[in-house]
Amino acid sequence: MLDFALYVATIAAVYALFALSLNLQAGVTGLLNFGHVAFFGVGAYSSGIVALHGGHWLLGVLVGVVVSSLLGAVIGRLGRTLAADYWAIVTLAVAECLRLVVVNEGDLTGGPQGISGIAGPFSSVSGLAGSLSWLVLCVVLAALAYLVAETLTGMQFGRVLRLLREEPMLAASLGHNITAEKTRVLAVAAPIAAVGGSVYTLYISYIGPNQLLPIETFLVFTMLIIGGIGNNRGAVFGALVIQLIYAGSRFLKDIFPIPDQSASSVRLLIVGLVLTAFLMTRPEGLFAEKLRRIDVHQ
């Protein structure tokens with residue numbers, strides 16, 4: 001039971017990285033990136049491919065960070081003339097194109113079977129010591145990502161991003177380059193998701209195309225909505241809540257007569273019901289975004 005609890009906590013920390021990255025885009029800047037899983041996949045497959053060719057796991061993480069940052073900058077430039085809804089569709093298309101490339105490039109990515117046997121930093125450490133080592137690493141990375149996100153959103157850069165979200169025309173009239181700001185936030189947020197993908201791959205020693213499906217992005221959106229979109233603390237807490245729901249739903253079949261093949265569907269149903277409940281009763285999430293206000297005294 002302790003090993004399972006450590007596993008859940010570790011995966012929650014990994015998804016906290018994923019959620020913090022998306023929060024910088026969708027929550028703070030208002031960029032609806034429906035293909036955010038692409039950055040996660042770049043980090044994951046970079047680690048897998050480097051490991052497949054005998055490279056060190058740190059090299060795989062660095063490659064994922066660099067490539068994802070470049071991809072984020074490219075996507076930001078692609079959306080310079082697109083409205084928010086069209087840009088969201090473009091990001092989804094980019095993520096699907098990446099997944100199709102992964103499926104068909106068998107020699108490089110393992111094709112539909114993926115890449116297995118990936119060696120991580122604690123592959124030689126077994127038992128409780130190994131589980132604790134992974135948990136500490138993932139929590140430290142999530143904490144660093146949280147500090148980066150908090151620092152960025154507390155700076156002038158963060159205020160410009162929120163202005164871009166609320167009043168893009170006003171931001172442009174004040175001299176802010178909207179395309180440059182989109183490109184910058186994507187180039188910053190993408191490596192955080194890539195690190196999450198790399199760590200996830202190294203932790204489970206496997207990566208496959210099924211982990212790049214659009215449902216992964218929408219699951220992270222659910223984390224943001226539950227935790228509080230636009231709030232970094234909410235992103236972390238939302239990741240923990242969703243992972244607890246996923247973990248708890250595994251035991252439902254011990255209480256109710258649920259077939260094994262329906263367990264994943266029931267899990268998604270529960271997540272959907274929780275999401276609907278929050279949207280109807282507390283749309284701001286558990287931790288509402290706090291915006292600085294100026295009081296004018298007459």
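A donor-acceptor contact closer than 3.5 angstrom links the side chains of Ser21 and His36. Using modelled atom types, one finds no donor on one side chain facing an acceptor on the other under 3.5 Å when comparing Gln243 with Tyr7.
Using a 4.5 Å heavy-atom cutoff, the side chains of Leu92 and Asn33 are not in contact. Between Leu137 and Pro121, the closest side-chain pair of non-hydrogen atoms falls below 4.5 Å. When side chains are defined from C-beta on, Trp134 does not count as touching Val136, because their heavy atoms never get closer than 4.5 Å. When side chains are defined from C-beta on, Trp87 counts as touching Leu31, because their heavy atoms get closer than 4.5 Å. Pro214 is not listed as a side-chain neighbour of Val37, based on a closest heavy-atom distance of 4.5 Å or more. Residues Tyr15 and Ile242 have side chains not in contact (no heavy-atom distance under 4.5 Å, counting atoms from C-beta outward). Inter-residue side-chain proximity for Leu70 and Val66 is flagged as met; some heavy-atom pair is nearer than 4.5 Å.
One N or O on the side chain of Ser68 and one on the backbone of Val65 form a donor-acceptor pair closer than 3.5 Å. Put simply, the side chain of Thr29 gets close to the backbone of Leu24: a donor and an acceptor are under 3.5 Å apart. Distance alone, capped at 3.5 Å, places no donor-acceptor pair between the Ser205 side chain and the Ser116 backbone. The backbone N or O of Pro191 sits nowhere less than 3.5 Å from a side-chain atom of Ser69 that would complete a donor-acceptor pair. Formation of a donor-acceptor pair under 3.5 Å by the Arg99 side chain with backbone atoms of Leu213 is not found in this model. Side-chain atoms of Ser198 come within 3.5 Å of backbone atoms of Gly43 as a donor-acceptor pair (strictly under, hydrogens ignored). A donor-acceptor pair under 3.5 Å is formed between the side chain of Asn231 and the backbone N or O of Ala288. Under the 3.5 Å distance criterion, the side-chain polar atoms of His53 are left unmatched by any main-chain donor or acceptor of Gly55.
Between Phe122 and Tyr203, the distance separating the two ring centers is not shorter than 6.0 angstrom.
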Q: Show your reasoning for whether side-chain contact (heavy atoms from CB on, under 4.5 Å) applies to Tyr200 and Leu17.
A: CA-CA 10 Å; Tyr200 179 80; Leu17 290 165; over 6 Å; no
**Q.** Working for ring pair (Phe, Tyr, Trp, His ring centres under 6.0 Å), residues Phe18 and Phe39
**A.** CA-CA 9 Å; Phe18 203 0; Phe39 301 137; 9.1 Å; no
Q) Could you go step by step and tell me if Leu161 and Thr153 meet the side-chain contact (heavy atoms from CB on, under 4.5 Å) rule? A) CA-CA 8 Å; Leu161 294 181; Thr153 53; 6.0 Å; no
Q: Run the numbers on Ile204 and Ile118 for side-chain contact (heavy atoms from CB on, under 4.5 Å), then give the verdict.
A: CA-CA 8 Å; Ile204 67 172; Ile118 303 170; over 6 Å; no
Q: Verify side-chain contact (heavy atoms from CB on, under 4.5 Å) between Val148 and Leu144, making sure each step is shown before the conclusion.
A: CA-CA 6 Å; Val148 170; Leu144 290 174; 5.5 Å; no
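Tyr45 and Gly114 get closest at one heavy-atom pair: OH-CA, 4.4 Å. The shortest heavy-atom contact between Thr217 and Gly35 is OG1-C, 4.0 Å. Residues Trp57 and Ala119 share a closest heavy-atom pair of CB-O, 3.9 Å. Residue Ala38 comes nearest to Leu98 through the heavy atom pair O-CD2, 3.5 Å, listed as atom of the first residue, atom of the second, then distance. Considering every non-hydrogen atom in both Arg159 and Gly154, the closest pair reads NH1-O, 3.4 Å. Annotation for Thr201 and Gly48: closest pair CG2-N, 4.4 Å, computed over non-hydrogen atoms.
To the nearest 0.5 Å, the span separating SG on Cys138 from CG on Leu6 amounts to 11.5 Å. Residue Phe40 holds its CZ atom at 6.5 Å from CD1 of Ile207, rounded to the nearest 0.5 Å. The CE atom of Met223 lies 4.0 Å from the CG atom of Leu219; values are rounded to the nearest 0.5 Å. The CZ atom of Phe278 lies 10.5 Å from the CD1 atom of Ile225; values are rounded to the nearest 0.5 Å. Atom OH of residue Tyr86 and atom OG1 of residue Thr91 lie 14.5 Å apart, to the nearest 0.5 angstrom. Atom OH of Tyr146 and atom CD1 of Ile192 lie 13.0 Å apart (nearest 0.5 Å).
In this structure, Glu289 pairs ionically with Arg162, as a charged nitrogen and a carboxylate oxygen lie closer than 4.0 Å.
One hydrophobic cluster holds both Leu286 and Tyr246 under the rule that ILVMFWY side chains link at heavy-atom gaps under 4.5 Å. Linking Ile, Leu, Val, Met, Phe, Trp and Tyr residues whenever their side-chain heavy atoms come within less than 4.5 Å places Val28 and Leu152 in a single cluster. Cluster membership for Leu108 and Leu212, using ILVMFWY side-chain heavy atoms within less than 4.5 angstrom, is shared. Hydrophobic clustering, with ILVMFWY side chains joined whenever heavy atoms are under 4.5 angstrom apart, groups Ile75 together with Val195. Val90 and Leu22 fall within the same hydrophobic cluster, where Ile, Leu, Val, Met, Phe, Trp and Tyr residues are linked whenever their side-chain heavy atoms come under 4.5 Å apart, directly or through other members.
Between Pro209 and the choices Val102, Leu100, Val101, the side-chain contact (heavy atoms from CB on, under 4.5 Å) rule is met once, by Val102.
With sequence neighbours left out, Ala235 forms a side chain to side chain contact (heavy atoms under 4.5 Å, CB included) with Ala19, Leu20, Asn23, Leu224. With sequence neighbours excluded, the residues that form a side chain to side chain contact (heavy atoms under 4.5 Å, CB included) with Leu240 are Ala12, Leu244.
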